[in-house]
Amino acid sequence: MLSASVSALRNSDLRRQILFTLGLLALYRLGAALPSPGVDYGAIRRCVDQVSGGDEAGIYALINLFSGGAMLQLSVFAVGIVPYITAGIITQLLTVVVPRFEELRKEGQSGQATLTQYTRYLSVALAILHATGLVALAARGQLLDCAERIIADDSIFGMIIIVLVLTAGAALVMWFGEQITERGVGNGMSLLIFAGIAARIPGEGAAILDSKGGLIFGSVCVGAFLVITAVIFVEQGQRRIPVQYAKRVVGRRMYGGSSTYLPLKVNQAGVIPVIFASSLLYLPNLISRLTQHDSSGWIQRYLADPRSPVYVGVYFALIVFFTYFYVAITFDPQERAEEMNRFGGFIPGFRPGRATADYLSYVLGRITLPGSVYLGAVAILPSLLLSTGSGAAQNLMFAGSSVLIVVSVGLDTIKQIESRLMSKSYTGFLR
C-alpha cells in the first residue's frame, strides 16, 4: 500500500487528481465548521456539550454522522449530503416503477445525464424540507432539548435566511461530490461522508481516553480493530460464478472461447439499507417533535432510544428487508442472463435463458441472507453495547455504520488508485 501511494504521487496526472480531491475535502470540512448566519454558535456549543452522549447518541446519531457533526451545530453544511443520497435512491427506485425512467436508464450516457439532472432537482427540494425541519426544531428548542436560545433572530425573515443558507450549502456539497467523482479519485459522496467520520475520530478517541482511562481506551481500540477486520473480510467476500464464452467467427477472426466468472458480493447492497432504515426510523421522531402529538412519549421511549429492544428489533428488521429490496431492484437475474446469452456466454451445466436466470436468483438469495444479517448485526452493535451500560459505546466512531462506511469507501478508493496506476503502467505497451 505504501509503494502504491508513492507511485501515485510520482505520477503527475494522478497526483493532480489526489490533490484536487483533498482540496475539496478540506473546503467541505471548513464549511462544516462555519456557523450559519442568525445562529448563536456559543449557545449551540453549550447545548451540544450538555447533551453529549444523550440525544447525539440517540436517533440523531447516524443522520449527524453523515454531515460530519455539522447538523447538530447548524453550520453552513448542516444538511450535508443526505438529501442527495435520498434523491439518488428515489430516482433509482423510480427506474423500476416508472417506464419513462427505465427508458432513460437504457438510453446510455444521455439518459443518465437526464436522470442526474432530475436527481439534482429532487435533492434541492429535499434539502429545503430538511433545512426547514431543522430550523423549526432549533427555534422551538427541540433540536437538542436545551434551554439555550440557539436562533438569535427567530423572525420569519431571519429563519428564511437560515433555510436558504442551509439549502445553498447542501447544493454546494452536492457539487463537491460530483466534481470529486468526475475530476478526482473515488466516489465523491462516499468520500465526503468518509471525511466527516475521519475528522471526528481523534476528538472522540481523546474524549474516551480522558473520561474512561487508558484501559477502556485500549479495549475500545482492540474492539475497533476486530470489527474492522471482520468488516473487511465480509466486504471482500464474493461468490464467483464461472462463465464460459463460446467461440464465434466474425469475418476472418475468431472471438470468444475464454473463461471468466461473474462476481456476486456477499454485501451486494453496501450501506444503502442502513441509510434507508435509519431515515425511516428518524421520520416518526421528527414528525412527533414538529407536531407535538407524542403526548404519551411512546415514540421517544421505543423508536428514538437506541437502548430500547423495540428500537433494536425494528432497526434490524428494516435493514434485512431493505437489503433484499435493494438487491432485487439493482440486480436483475433475467437481464444478466440475457446479456450473457447475447454475447455467447453461458454458465456450465445450465442452459442459457430461463435456467440461467433461475440459477442466478437462487445463488443471489443464498448470499443475500448472510449479507443482510451481517449488515444488521454491525449496525445495531452500538445499541447492544449501550444497553449493557458501556459509556465508551456511546461513540459511533468505533462501531456500527461508521465502520461500514470507512472500510467500504477506503477499499473502493484504493482499488481505483491501483487500477489507474495499472493503466498508466500499460501505456507504454499500448503506444
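From a predicted model like this one, the values you see are computed outputs, not experimental measurements.
Residue Gly184 comes nearest to Thr21 through the heavy atom pair CA-OG1, 3.2 Å, listed as atom of the first residue, atom of the second, then distance. The two residues Leu74 and Ala138 come nearest to each other via the heavy atoms CD1-CB, 3.6 Å. Residues Pro83 and Val79 come closest through the heavy atom pair CG-CG1, 3.3 Å. Of all the heavy atoms in Asn341 and Pro352, the pair that sits closest is OD1-CB, 3.7 Å. In this structure, Met189 and Glu178 approach most closely via the heavy-atom pair CE-N, 4.3 Å. Minimum interatomic distance between Leu375 and Pro273 (heavy atoms only, all atoms of both residues): CD1-CG, 4.0 Å.
Here the straight-line distance linking atom CG of Leu137 with atom OG1 of Thr132 works out to 11.0 Å at 0.5 Å rounding. Rounding to the nearest 0.5 Å gives a distance of 9.5 Å between OG1 of Thr368 and CZ of Phe331. Rounded to the nearest 0.5 angstrom, Ile180 CD1 and Leu25 CG are separated by 4.5 Å. The distance from the CZ atom of Arg120 to the CE atom of Met174 is 6.5 Å, given to the nearest 0.5 Å. Rounding to the nearest 0.5 Å places CG of Leu104 at 12.5 Å from CD of Gln117. Between the CG atom of Leu364 and the OH atom of Tyr324 there is a distance of 9.0 Å, given to the nearest 0.5 Å.
Taking the side chain as every heavy atom from C-beta outward, Ile193 and Ile85 approach each other to under 4.5 Å. Between Ile417 and Val185 the shortest side-chain heavy-atom distance falls below 4.5 Å. Put simply, the side chain of Val243 does not reach to within 4.5 Å of the side chain of Tyr261, judged on heavy atoms. Between Ile347 and Gln244 the shortest side-chain heavy-atom distance does not fall below 4.5 Å. The side-chain heavy atoms of Ser361 and Pro333, taken from C-beta on, include a pair separated by under 4.5 Å. Contact of the Phe77 side chain with the Arg29 side chain is not registered, since no non-hydrogen atoms from C-beta on lie closer than 4.5 Å. The closest side-chain heavy-atom distance from Leu115 to Arg105 is below 4.5 Å. For the pair Arg15/Phe20, no side-chain contact is recorded, criterion being any heavy-atom separation below 4.5 Å from C-beta on.
Asp13 and Arg16 are joined by a salt bridge, as a carboxylate oxygen and a charged side-chain nitrogen come within less than 4.0 angstrom of each other. The pair Arg354-Asp358 counts as a salt bridge, with a side-chain nitrogen and a carboxylate oxygen less than 4.0 angstrom apart.
For Gln416 (side chain) and Gly186 (main-chain N/O), a donor-acceptor pair under 3.5 Å exists by modelled atom type. Looking only at distances, no side-chain donor or acceptor of Thr413 sits under 3.5 Å from a matching main-chain atom of Gly410. The backbone N or O of Phe101 sits nowhere less than 3.5 Å from a side-chain atom of Thr95 that would complete a donor-acceptor pair. In this structure, the side chain of Ser36 does not engage the main chain of Val39 through any donor-acceptor pair within 3.5 Å. The closest donor-acceptor contact from the side chain of Ser372 to the backbone of Leu369 lies under 3.5 Å. With hydrogens and angles ignored, the 3.5 Å screen pairs a side-chain donor or acceptor of Gln268 with a backbone N or O of Lys265.
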Working for side chain to side chain contact (heavy atoms under 4.5 Å, CB included), residues Val173 and Leu192: CA-CA 8 Å; Val173 169; Leu192 292 177; 3.7 Å; yes

Residue pair Tyr84, Thr119: steps toward the side chain to side chain contact (heavy atoms under 4.5 Å, CB included) verdict: CA-CA 7 Å; Tyr84 187 78; Thr119 304; 4.1 Å; yes

Stepwise side chain to side chain donor-acceptor pair (under 3.5 Å) check, Gln334 with Arg336: CA-CA 5 Å; Gln334 185 65 37; Arg336 193 58 59 90; over 6 Å; no

Candidate pair Glu102 and Val97, rule side chain to side chain contact (heavy atoms under 4.5 Å, CB included), full reasoning: CA-CA 8 Å; Glu102 187 177 0; Val97 179; over 6 Å; no

Worked check of side chain to side chain contact (heavy atoms under 4.5 Å, CB included) between Tyr374 and Val231: CA-CA 9 Å; Tyr374 145 77; Val231 170; 3.4 Å; yes

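In Tyr118, the OH atom is not crowded: 12 or fewer heavy atoms of neighbouring residues, nucleotides or ligands sit closer than 6.0 Å.
For Arg239, the side chain to side chain donor-acceptor pair (under 3.5 Å) partners two or more places apart in sequence, or in a different chain, are Tyr359.
With Tyr315 as the fixed residue, the side-chain contact (heavy atoms from CB on, under 4.5 Å) test singles out one of Val320, Val274, Val310: Val274.
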